[in-house]
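The block underneath contains the structure these notes are about, expressed in structure tokens.
Order of appearance sets the numbers: ligands from 1, and atoms from 1 within every ligand.
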Amino acid sequence: MDVFADLVGQDEAVATLRRAAAAAAAVLRAGAEPADPTAGGDPGGGMTHAWIFTGPPGSGRSVAARAFAAALQCVHGTGCGQCPGCHTTLTGTHADVRLVVPEGLSIGVGEMRALVLRAASTPSGGRWQVVIIEDADRLTEAAGNALLKAIEEPPPRTVFLLCAPSVHPDDVSVTIRSRCRVVPLRQPSADAVAEVLVRRDGIASDLARWAAAAAQGHVGRARRLARDPEARQRREAVLAVPRRLTGVGAAFDAASALIEAAEAEAVASVAELDEAEKSALQTALGAGGTGRGAAGAMRGAAGQLKDLEKRQKSRATRAQRDALDRALVDLAGFYRDALTMALRAPVAPVHTDTAAVAGAGAEKWAADGSLRRLEAVLECRAAIEANVKPRIAVEAMMLALWRG
Ligand SMILES: [Zn+2]
């Protein structure tokens, strides 16, 4: 199992990245420089200084970026998954791989300048300095400009890996886009997701197939649904919302319940990762050391742990927002099912387990009413994206769903 094994249903992207990793290894052997992507042609075998991974949430943008980073640091140049270069990159402890997780809801210019500066240094492992920017669409404009400068005149051994939903100018500036090679990831098919749940996570195939369909192509979500009974309960609570909207009071209650469920899901989703990162860092720092230099090392360690906790806190905030968005996607799936049934469209329902309820809704609301409700959910998502307070947006949506 190499570092690309977890990139589900992304054969094309994986082939591109394997070629680039091989080219990068050849560059190191030859002591040459990677190709300039604006120069035309493909003289470097596809290796270049700046990459953008795009795709819908859950398609594996950051998984792809990390896997590629590991392949670049792999002592065999392939991403074998076994060597120290691969291993430390995947566990987040490689000295020449930096991961940027947006602070709060956007990546600020200060953080970006510091990062660009450090990325310009010579790689301590003798291979590449890799900077992974998750959610590059959340860069502030000033931070984007700082990054652009670095991408326009990249230090010879520095590679930037950006992740964004798309290369639409709303997500990534045209100038940054023009300096990067794009690796588009697709929404993996339910079959591909189910297959990886069975193979990698040892999940029974019936459960894996159900979870893959219910998660609508989101690999991490499918895994959580398959493994975590509480995640299944939270999803059921979301899908019970349409039945519970019997009056104004019930609509407000449903709004509170949805917000609280999102908070609970966020806590659950980051807990495992937080703990793994913390213990990896503690291992790397050699916690509990004694003797000469240990006191100084411990002081440095305390600072690094504090940094990690800060990053984890900002990730928790983001996770809450993302969890609410997933709940809204589930809910949109329900009204989409009602709409397709009202239209008698020949498509499979998103939620097989609530198909009967959606069918009853389709009878009652007809196509018009189903469409209005679907639009109410989508408007709520857009409002939250535009920074309307989530509770207000969700309350407005619940009232609209009740009124019809
Ligand atoms: Zn390796």
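For the residue pair Arg179/His49, the side-chain donor-acceptor check at 3.5 Å is not satisfied.
To the nearest 10 degrees, the angle centred on the Zn ion (ligand 1) between SG in Cys86 and SG in Cys83 reads 110°.
Checked by atom type and distance alone, the side chain of Asp135 never pairs as donor or acceptor with a backbone atom of Asp137 at under 3.5 Å. Of the possible donor and acceptor atoms, none in the side chain of His351 sits under 3.5 Å from a partner among the backbone N and O of Asp353.
In summary, an N, O or S atom of Cys74 is located under 2.8 Å from the Zn ion (ligand 1). The Zn ion (ligand 1) lies at 2.8 Å or more from every N, O or S atom belonging to His87.
Side-chain rings of Trp51 and Phe68 approach one another, their centers coming within less than 6.0 Å.
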